[in-house]
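First the structure, in the form of structure tokens, and then the observations on it.
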Amino acid sequence: MLSVEQVTKCYGDFTALEDISLEFTQGVYGLLAPNGAGKSTLMKMLATLLFPTKGRILWDGEDIAFMGETYRGILGYLPQDFGYYPNYTPRQFMRYAAALQKLTRAVADQRIDRLLELVGLSDAADKKLKKLSGGMLQRVGIAVAMLNEPKLLILDEPTAGLDPGERVRFRNLIHALANERIVILSTHIVSDIETIAGQIIMLRDRRLLCCDTPSQICSRFRGKIFQVPADVPLRPHQHVLSEGQGENGTVLRILSDMPPSAGVAVAPTLEDAFLAIYTAGESEHIR
Amino acid sequence: MNDREGILPSEEEKNRAVMRILDTAMPQKKSIWRELYRTVNAVGLRMLFFGVGDCFFLAVLVLCVCLIPAAAVMVRTIYLASCLFMVSPAFYALAHFLTMWKEYQTRTLEWKQTWRISFQTIMALRMLVLGAVSVVGSILLCTVLWSLSGQAVSFVWMLSVAFSALFLYGGGSLLCQRLWGMRAVMLVPVVWIVLSLIPVTWEPASIWLMQIPVYVFLLIAAAGGGVYFSQIYCLVSERSHIQALL
Ligand SMILES: Nc1ncnc2c1ncn2[C@@H]1O[C@H](COP(=O)(O)OP(=O)(O)O)[C@@H](O)[C@H]1O
Ligand SMILES: [Mg+2]
């Protein structure tokens, strides 16, 4: 079990994260926040690439800063925007990673075949990395992160650059990987995680806003989300969240404490909650 | 029965507790050097230099091109020391710079840093291999120059000049890298070239260098070697080192 205890991270004078406390047990956690909110900073601390300015992070009660190789042995990490050697093939690169993960050649070859199949890259195993698409590279990255069969899998914006079909594939893949381990993935795109994450973590103004199930987060906005025709004038305290196409032309989804004169109440989605929190500045409901 | 199982620690937990107690009771008992040796045996030289083989090729190529004008100068005995001082760390410097630059450019550092054998360990091993290759290279270079110069100067003196330059560079560059990160990786080679060009282009400095006795160079070499190995040690044992490079 992984626990983050009152962690603050400063870059020089700039405080990126303040007083974050979290507990992770088995399951998929979605770190959902806009760009610049501190998602990568938190993930790098969980991967021991950065160390907290204040507070500590514990794995089964032990401070990860002092666990060294033992901790790295249970960790699988995919950086946001990672690099690779363009002239090598996925198989060669994975053999390299496996050697540095201290796997024997026999175990490594077996696992590489299995993982490449799992991520749907068996056919591309011996093509050069520079010939692969962004989505394929991303899947190579996930396979590399899975090489040591980690108990803790951290993926930083793994869906960036994927097309819609690849996103669906990715969600299925995460489902397949989520057994018996902690999976933490970050994104600023709600649809990437609303169906796969058991818990959603949101950050706002450097602090932890919530860590809850998607349905719990949605339920806090119940009775406050309405769909209205686009030509209805809005009153103060009513915020447009998104636009859509209804049967009679464009409709708006709005956040309002009071039912609007025209329009119908709709069930809040995670997307509504996300937009209400980050664009309409509505965080009271969630605290 | 189930209750007891819940209370009693599992085999894994027991082992971990014992390891923790041992670690606290006997800190630094396991030697870093033995760990490094074991790692290089397990990983193999090819994996150690995975992805950066082209850097070595390039380093050798550049060196060959640069050695031709250097050799022309070195034939004149008064420039022997200054040229040796400049040339003997050249391969180490080039290979170190190019590999670090490539690792930095390919943006693989963060990733590698989270694997069991950390990038710090890999870097330390690479530096040791590079150092060893450079020592052999320096001995060869000195032998060739010694015979070419008609054995005009003492071979031991030449070796001491080459080694002092090599270890000074090796130790200094690692120290600067630890203190200032990637900026140092780029700056140190430039500083070295500028510094060693002074005696090569200014005769009085060159003559002065020729008059420095063996033991001074040997002392410099020993001091440089001390810094070099202590920095390798820091590289492997300090968790903060890599942050400057990310
Ligand atoms: N090395 C750094 N030095 C200074 N500021 C940084 C550094 N890394 C990130 N930041 C700042 O910290 C904040 C959070 O960044 P990051 O964790 O990358 O956010 P996210 O991943 O959510 O987009 C941003 O404002 C960013 O500018
Ligand atoms: Mg990020």
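Chain naming here is simple, since letters A, B, ... match the order of the sequence lines and numbering starts at 1 in each.
- If you measure heavy-atom distances from A:Asn87 to chain B, you find no contacts under 4.5 Å at all.
- Smallest separation of non-hydrogen atoms from A:Glu23 and A:Ser3: OE2-CB, 3.2 Å.
- With a threshold of 4.5 angstrom between heavy atoms, B:Leu48 does not approach chain A through any atom at all.
- Minimum interatomic distance between A:Ile182 and A:Phe24 (heavy atoms only, all atoms of both residues): CD1-O, 3.6 Å.
- Aromatic ring centres of A:Trp59 and A:Phe66: separated by at least 6.0 Å.
- For A:Tyr71, no part sits under 4.5 Å from any heavy atom of chain B, backbone or side chain.
- Under a 4.0 Å N-O distance rule, the pair A:Arg167/A:Asp192 qualifies as a salt bridge.
- At a threshold of 4.0 Å, the pair A:Asp19-A:Arg206 does not count as salt-bridged, since none of the basic side-chain nitrogens sits closer than that to a carboxylate oxygen.
- With a 4.5 angstrom heavy-atom cutoff, A:Tyr77 touches chain B via backbone and side-chain atoms both.
- With respect to the salt-bridge test (charged N to carboxylate O, under 4.0 angstrom), the residues A:Glu166 and A:Arg169 do not qualify.
- Residue-level contacts of residues 111-121 of chain A with chain B do not occur; threshold 4.5 Å between heavy atoms.
- The nearest pair of heavy atoms linking A:Thr15 to A:Cys10 is OG1-SG, 3.7 Å.
- When the side chain to side chain contact (heavy atoms under 4.5 Å, CB included) test is applied to B:Ser230, no partner is found at least two apart in sequence or on another chain.
- When each of A:Thr104, A:Val144, A:Leu147 is checked for heavy-atom pairs under 4.5 Å with chain B, A:Val144 comes out on top.
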